[in-house]
Amino acid sequence: MATIISQCSLSVLRQSAEKLKAGDLIAFPTETVYGIGADAQNMKAVARMYEVKNRPANHPVIVHIAGLNDVDYWAKDVPEYAINLMRDFWPGPMTLLLKRRGVAGDYLTGGQEIVGLRIPANSLALGLLSQFKAIGGKGIVAPSANRYGAVSPTTAQAVGEELSDYLLPGDQILDGGICLVGVESTIIDCSGDNPTILRPGAVSSEMIEKSTGIILDSVGETRIRVSGSDKQHYAPKAKVLIDGQCQEGEGLIAMSDVATPQGAIRLAEPNSIEEYARVLYAALRKADNQGLRTIRVIPPSGSGLAVAIRDRISRAAAI
Ligand code: TXA
Ligand code: MG
């Protein structure tokens, strides 16, 4: 059981930063999804975070940092194109995988020679990171605040549903409302000569090409393990079916121009691609909370953020 805190003033954030330093876990909003945070330098706290998530121990975690000055502490040999990406898209929904320094231990990288870094674009997250930095913290690891394989939470209430049975009374959930983007950050491998997208997100391949001046390979070949690339991930309990005719009693997620057939349960009817990303996970959750057996999803077409949405839908539908 953890406390949900809805009035996150500066003094609350200062206290939460101190709790992080003492080894407690703090769930907090980012612009993508909620993360379950632990002090990146505290191996014991990170180990407990893995337990709370029920996540296999060899899966790497993203280190969230307060500013560009903190990159050098964790990473080395940062390529020019990665610096362009940082300048253009941080703070923002983008995680860069960079060659690690020794301080980024195996417990953070899953034994790989690269470390994942991100500066989130959410005032509460940035406030917590800067308070944490002010008391000597170097970074906060924060995987999505869900049990392993489940749908990422986009509200503080959803974090509570996922994790409150596993958190301790000293842990906290900071409530910052609904996440504005709604799907996880774009992960870009920057350990080679060219950037490679390992997980699509709101920072699209077109944006990366424009920022770096490098044309990306169409298929991201990589030697790196990314847990979000497991076949079934981000999945609700209900069965997810893509396209086809929505039957009576099934949940339906589709753009607003798709009508709801008689007897179907409309879970979301977004008016734009951005809104689709923002409501997708809450809609999948709603289906489970209502005990639906099947969710019919009509994915959005197009490039940019639509690519990330289709990626998550196809993972949710994988058997
Ligand atoms: O939007 C996001 O990225 C959210 C918010 C909370 O920041 N976080 C998130 O974390 O989605 P997580 O752990 O659920 O997914 C991060 C992915 C995992 O698939 C992990 O394997 C990969 O990033 N990753 C992190 N560090 C890595 C590393 N050093 N090497 C390879 N993959 C890494
Ligand atoms: Mg996750």
Side-chain angles (χ1 to χ4, degrees), residues 25-38 40 46 49-50 52-65 74-75 89-101 103-122 124-126 128-129 139-154 156 158-159 162-163 173-174 176 179-192 196-203 220 222-235 277 281 308 311-312 315-316:
L25 304 182
I26 310 287
F28 61 93
T30 78
E31 78 282 35
T32 58
V33 300
Y34 275 72
I36 174 74
V46 175
M49 180 274 289
Y50 273 82
V52 165
K53 271 189 65 83
N54 193 31
R55 188 178 194 172
N58 64 349
H59 281 269
V61 279
I62 299 170
V63 180
H64 295 66
I65 53 177
W74 296 104
F89 304 123
W90 273 353
M94 175 184 81
T95 297
L96 300 185
L97 303 186
L98 298 159
K99 292 199 181 126
R100 70 168 172 181
R101 288 197 193 275
V103 289
D106 288 349
Y107 70 101
L108 297 176
T109 72
Q112 301 179 101
E113 289 304 317
I114 49 162
V115 60
L117 298 181
R118 167 160 127 83
I119 306 177
N122 172 288
L124 220 154
L126 286 172
L128 181 65
L129 282 161
I140 303 175
V141 295
S144 53
N146 51 278
R147 296 279 282 172
Y148 182 65
V151 175
S152 298
T154 51
V159 176
E162 284 285 327
L163 301 183
I173 301 171
L174 305 183
C179 299
L180 285 181
V181 174
V183 294
E184 301 82 352
S185 62
T186 308
I187 299 182
I188 309 169
D189 176 12
C190 298
S191 64
T196 309
I197 298 179
L198 303 188
R199 179 176 73 182
V203 172
T222 178
R223 4 167 208 98
I224 293 165
R225 276 181 290 119
V226 177
S227 76
S229 58
D230 287 353
K231 200 164 167 233
Q232 189 174 18
H233 213 85
Y234 317 108
Y281 287 158
D311 170 75
R312 303 309 190 278
R315 290 179 199 291

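Given the structure is predicted, the values throughout are model-derived calculations rather than measurements. As the structure lists them, so they are numbered: ligands from 1, and atoms in each ligand from 1.
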Kindly identify the option in [options] whose heavy atom sits closest to [atom].
atom	options	answer
atom 30 (N) of ligand 1	Leu98, Thr109, Ile114	Ile114
atom 7 (O) of ligand 1	Glu184, His59, Arg100, His64	His64
atom 9 (C) of ligand 1	Gly201, Ser144, Pro153	Ser144

Heavy-atom donor-acceptor pair, [X] side chain to [Y] backbone, under 3.5 Å:
X	Y	value
Arg101	Ala75	yes
Tyr281	Tyr234	no
Lys53	Ala145	no
Tyr107	Ala40	yes
Thr32	Glu184	no
Tyr50	Asn58	no
Arg199	Ile188	no

Give the atom numbers and elements of ligand 1 that come within less than 4.0 Å of a heavy atom of [X].
X	value
Thr32	1 (O), 2 (C), 4 (C), 5 (C)
Gln112	30 (N), 31 (C)
Ser185	1 (O), 2 (C), 3 (O)
Ala142	6 (C), 8 (N), 10 (O)
Val33	4 (C), 6 (C)
Gly35	6 (C)
Val115	29 (N)
Ile187	17 (C), 22 (C), 23 (O)

- Message: So for Pro120, does at least one of its heavy atoms come nearer than 4.0 angstrom to any atom of ligand 1?
- Response: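 Distance cut 4.0 Å: Pro120 fails for ligand 1.
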Sequence neighbours excluded, the answer for salt bridge (charged side-chain N to carboxylate O under 4.0 Å, His left out) partners of Arg100 is Asp106, Glu113
From Ser152, does some N, O or S atom reach closer than 2.8 Å to the Mg ion (ligand 2)?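 Given the 2.8 Å cut-off, Ser152 does not count as a ligand of the Mg ion (ligand 2).
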(Q) Would Arg118 count as a polar contact of ligand 1, with the cut-off being nitrogen or oxygen pairs under 3.5 Å? (A)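 Yes, Arg118 has an N/O under 3.5 Å of an N/O on ligand 1.
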| field | For ligand 1, the portion of Arg55 having any non-hydrogen atom under 4.0 Å away | value |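 Under 4.0 Å from ligand 1, Arg55 contributes side-chain atoms alone.
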Scan Leu96, Thr95, Val203 and name whichever one has a side-chain contact (heavy atoms from CB on, under 4.5 Å) with Ser185.
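Only match with Ser185 under side-chain contact (heavy atoms from CB on, under 4.5 Å): Thr95.
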Here the salt bridge (Lys or Arg N to Asp or Glu O under 4.0 Å) pairs for residues 140-151, sequence neighbours left out, are none
